[in-house]
2 protein chains.
Amino acid sequence: MAATLHDVARLAGVSIKTVSNVINDYPHIRPTTRERVEAAISELGYTPNLTARNLRSGRTGAIALAVPDLSLAYFAELAAEVIAAAEAAGVVVLVEQTGGDRDRELELLRSPRLKLTDGLIFSPLGMGQDDVAALDVAYPMVLLGERIFDGPTDHVTMRNIDAARAATEFLIAAGRRRIAVVGAHEGELIGSAALRLRGYVEALEAAGIPYDDDIVGYTTLWHRANGAETMREILARGVDFDAVFGLNDTLALGAMRVLQVEGRRVPDDVAVLGFDGLDEAEYSIPSLTTVDPGRDWIAKTAVATLLERIAGRADAEPRTLLADFQILQRESAPAVR
Amino acid sequence: MAATLHDVARLAGVSIKTVSNVINDYPHIRPTTRERVEAAISELGYTPNLTARNLRSGRTGAIALAVPDLSLAYFAELAAEVIAAAEAAGVVVLVEQTGGDRDRELELLRSPRLKLTDGLIFSPLGMGQDDVAALDVAYPMVLLGERIFDGPTDHVTMRNIDAARAATEFLIAAGRRRIAVVGAHEGELIGSAALRLRGYVEALEAAGIPYDDDIVGYTTLWHRANGAETMREILARGVDFDAVFGLNDTLALGAMRVLQVEGRRVPDDVAVLGFDGLDEAEYSIPSLTTVDPGRDWIAKTAVATLLERIAGRADAEPRTLLADFQILQRESAPAVR
DNA sequence: TTGAAAGCGCTAACAC
DNA sequence: GTGTTAGCGCTTTCAA
């Protein structure tokens with residue numbers, strides 16, 4: 001059985017309050033008393049029972065992070081950054097996977113398991129604008145992603161439209177005119193896919209290039225296999241194109257593989273550009289030009305914002321915080337053709 | 001303020017014990033009483049305070065998973081599987097990153113933050129056999145990996161030597177004789193690198209092929225950049241080789257990129273084989289032949305074993321559980337040259 | 001079948 | 001400076 005405050009107090013010949021004072025660095029303690037207590041603590045190998053402390057204080061020192069799936073590289077890298085930022089603040093992270101399923105996301109928001117934490121960083125994928133009311137929860141929450149806007153909570157996200165527009169403009173400036181898209185979501189109006197497609201369309205319009213649905217590839221999931229499959233579909237249509245904009249890196253990498261297998265030279269015949277700034281995009285063949293949407297900033301800001309809320313800025317208006325993006329120029333899409 | 005048992009009891013006109021009975025599905029309750037209590041619960045939106053329950057029961061319903069870094073694909077996929085297995089058992093997972101640093105690993109083992117959980121699944125990378133004593137902790141733990149053997153805890157791991165030997169034999173059977181290695185750790189005797197290298201050497205010896213240090217590439221980290229850099233070093237030596245065994249997939253993918261950039265055809269000139277069975281190995285160009293070391297089984301078994309320990313098999317002897325491996329045959333290393 | 005009350009280990013008023 | 005004590009919200013004997 002682990003030692004308690006009482007055990008330490010008995011051994012040191014003081015009251016539990018004194019021991020508590022020592023542990024919590026209360027300033028006014030006689031040095032000799034402190035020494036006795038510290039000796040007793042190390043002799044017994046005492047560590048405070050955090051559960052008891054939490055019950056008393058109403059805090060747990062943990063936050064929850066809910067993402068669709070850690071085996072998706074984007075969310076793995078996001079989680080790594082969130083955990084690092086939380087650790088720097090002395091907080092641990094409980095990770096939940098929702099599978100991007102709306103029902104599981106809604107269930108999670110009501111789950112008593114969240115009681116183990118002081119707040120939630122939530123990245124939904126299945127919920128939509130209609131579910132905005134479900135976000136009105138009794139605990140501090142920071143929302144990530146682009147499924148829901150104008151919710152009742154702080155929202156940290158990226159400039160999807162602007163970044164996709166800039167990416168498309170980059171391809172146009174490099175002399176590409178027939179820019180295929182991989183990863184659009186059929187009929188979708190919200191979410192990353194829709195916003196990035198909008199940025200793409202805006203850039204085309206600004207350049208006077210007509211939009212052509214024949215070079216837009218639709219899919220549901222954003223796995224590598226989907227990128228490959230969608231690219232094959234576009235190729236099978238027999239249409240002409242000189243660039244591919246993958247709506248994320250994973251799709252772009254899958255598409256790039258198919259292009260090469262089918263004998264297209266990248267970037268000579270077809271330039272390829274992704275979105276997410278994944279580590280692995282730097283090591284594909286050719287290396288992938290991509291948009292870094294500011295994921296690291298998003299992770300740090302989400303943690304900082306959540307901890308502020310937990311610390312008591314409960315009354316303040318919900319804020320939306322937008323990350324800066326940048327294009328990471330690599331081999332798959334050079335600036336000049 | 002959230003409702004408590006007392007609030008519910010008062011509203012339902014019963015004692016808190018009765019409410020507690022209802023919540024915990026205690027069988028002998030008069031139906032009318034149960035209804036009254038349930039009505040009160042839903043009227044108040046009561047959910048039990050898990051912290052209080054934990055303090056009482058001594059359990060938290062959470063386990064910790066400590067890995068080097070979630071941005072390493074192997075650990076991200078492992079974490080995804082651990083979290084899924086834990087969720088199926090009704091347990092949540094707190095994820096810690098150690099950076100693979102020995103001091104941080106040792107510190108973690110003593111961290112009071114672990115008090116928030118019932119046990120730990122620990123995948124060390126910096127600790128070694130000399131640190132085995134540090135594993136003798138007061139809480140349930142399951143060890144992963146190959147840094148420490150014969151420790152005082154359950155150990156779930158893979159057949160590194162056998163699997164690496166089988167991988168090398170596969171290349172030999174395919175007619176390769178000069179098999180380079182990427183990712184060896186200089187002077188290391190324990191850990192994945194050392195064990196996999198041993199399997200490689202055993203296979204060479206069994207086939208009567210001399211070991212040649214000139215085609216063994218050393219590195220410290222197992223990032224993609226290290227695989228690329230190590231491959232460049234081997235190429236710079238001007239030695240001859242017809243295959244590359246990457247000690248993990250990430251290294252193999254980095255190496256394969258360099259080979260292709262330098263004009264070697266994969267697999268015609270050089271076959272490439274990895275280790276880990278990562279998802280992405282299926283979508284490289286060419287797709288990567290690799291060893292699946294049984295990661296999914298490891299994750300499920302680690303969770304199940306830890307939960308058994310937590311449930312009270314504390315006395316039982318520590319067990320070592322070994323996963324089955326298999327070679328996933330793809331394009332980068334065909335069975336026949 | 002239900003109630004009363006102790007206590008899990010800690011913090012923080014409040015006393016001395 | 002240090003001790004006493006009342007809870008935090010729950011589970012669990014033990015009685016009724």
Side-chain angles (χ1 to χ4, degrees), chain A residues 1-41 44-62 112-118 138-139 310, chain B residues 1-41 44-62 112-118 138-139 310:
Chain A
M1 202 54 205
T4 73
L5 270 189
H6 285 96
D7 300 327
V8 176
R10 199 176 316 124
L11 183 62
V14 297
S15 81
I16 61 165
K17 177 56 172 42
T18 305
V19 180
S20 176
N21 283 343
V22 171
I23 291 165
N24 296 295
D25 287 327
Y26 179 74
H28 308 297
I29 311 171
R30 195 179 301 157
T32 59
T33 312
R34 160 164 288 148
E35 274 171 31
R36 270 219 315 286
V37 171
E38 280 170 350
I41 286 175
L44 293 172
Y46 169 80
T47 58
N49 180 317
L50 292 191
T51 304
R53 184 178 284 177
N54 295 343
L55 176 58
R56 225 4 268 230
S57 67
R59 292 278 173 75
T60 69
R113 301 187 303 187
L114 289 179
K115 281 279 176 65
L116 245 32
T117 64
D118 298 329
Y139 47 84
I310 290 169
Chain B
M1 200 55 205
T4 73
L5 270 190
H6 285 95
D7 300 327
V8 176
R10 199 177 313 122
L11 183 62
V14 297
S15 81
I16 61 168
K17 177 55 171 40
T18 305
V19 180
S20 175
N21 283 342
V22 171
I23 290 166
N24 297 294
D25 287 326
Y26 181 73
H28 309 296
I29 311 170
R30 198 178 297 156
T32 57
T33 313
R34 160 166 284 142
E35 276 169 31
R36 270 218 317 284
V37 172
E38 281 171 349
I41 287 175
L44 293 173
Y46 169 79
T47 57
N49 180 317
L50 293 189
T51 304
R53 183 178 283 177
N54 294 343
L55 176 57
R56 209 28 252 226
S57 67
R59 291 278 172 74
T60 68
R113 302 187 303 188
L114 290 179
K115 280 282 175 65
L116 244 32
T117 65
D118 298 329
Y139 46 84
I310 291 169

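Only a predicted model underlies this, so the values are computations on that prediction, with no experimental measurement involved.
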When you get a sec, tell me which of [options] is the closest nucleotide to the side chain of [X]?
| X | options | value |
| --- | --- | --- |
| A:R53 | C:dT11, D:dT13, D:dG3 | C:dT11 |
| B:N21 | C:dT2, C:dG3, D:dT2 | C:dT2 |
| A:S15 | C:dG3, D:dG3, C:dG9 | D:dG3 |
| B:V14 | D:dT12, C:dC10, C:dG3 | C:dG3 |
| A:N24 | C:dT11, C:dT2, D:dT2 | C:dT11 |
| B:L5 | C:dT2, D:dT11, D:dG3 | D:dT11 |
| B:I16 | C:dC10, C:dG3, C:dA5 | C:dA5 |

Please report, rounded to the nearest Å, how far the [atom2] atom of [N] is from the [atom1] atom of [X].
| X | N | atom1 | atom2 | value |
| --- | --- | --- | --- | --- |
| A:K17 | D:dA6 | NZ | P | 16 Å |
| B:R30 | C:dG3 | CZ | C1' | 13 Å |
| A:R10 | D:dT4 | CZ | P | 14 Å |
| A:R59 | C:dA12 | CZ | P | 11 Å |
| B:Y46 | D:dG9 | OH | P | 10 Å |
| B:H6 | C:dA4 | NE2 | P | 10 Å |
| A:N54 | D:dC10 | CG | C1' | 15 Å |

Would you indicate what [X] reaches in the nucleic acid, counting non-hydrogen atoms under 4.0 angstrom: base, sugar-phosphate, or nothing?
| X | answer |
| --- | --- |
| B:S20 | base |
| A:T18 | sugar-phosphate |
| B:T51 | nothing |
| A:L55 | base |

- Message: Check this one for me: any side-chain N or O of A:T4 less than 4.0 Å away from OP1 or OP2 of C:dC8?
- Response: no
- Task: Establish whether the base of D:dG7 is bridged to the side chain of A:R56 by a donor-acceptor pair shorter than 3.5 Å.
- Result: yes
So which atom in [X] and which in [Y] form the shortest heavy-atom distance, rounded to 0.1 Å?
| X | Y | value |
| --- | --- | --- |
| A:Y46 | A:T4 | CE1-C, 3.6 Å |
| A:T33 | A:I29 | CB-CG2, 4.1 Å |
| B:V22 | B:E38 | CG1-CG, 4.1 Å |

- Item | Pairing residues for B:D118 by the side chain to side chain donor-acceptor pair (under 3.5 Å) criterion, not counting sequence neighbours |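 With sequence neighbours excluded, B:D118 shows a side chain to side chain donor-acceptor pair (under 3.5 Å) to B:T60, given in chain and number order.
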- Query: Do we see a donor-acceptor contact under 3.5 Å between the side chains of B:T47 and A:K115?
  - Reply: yes
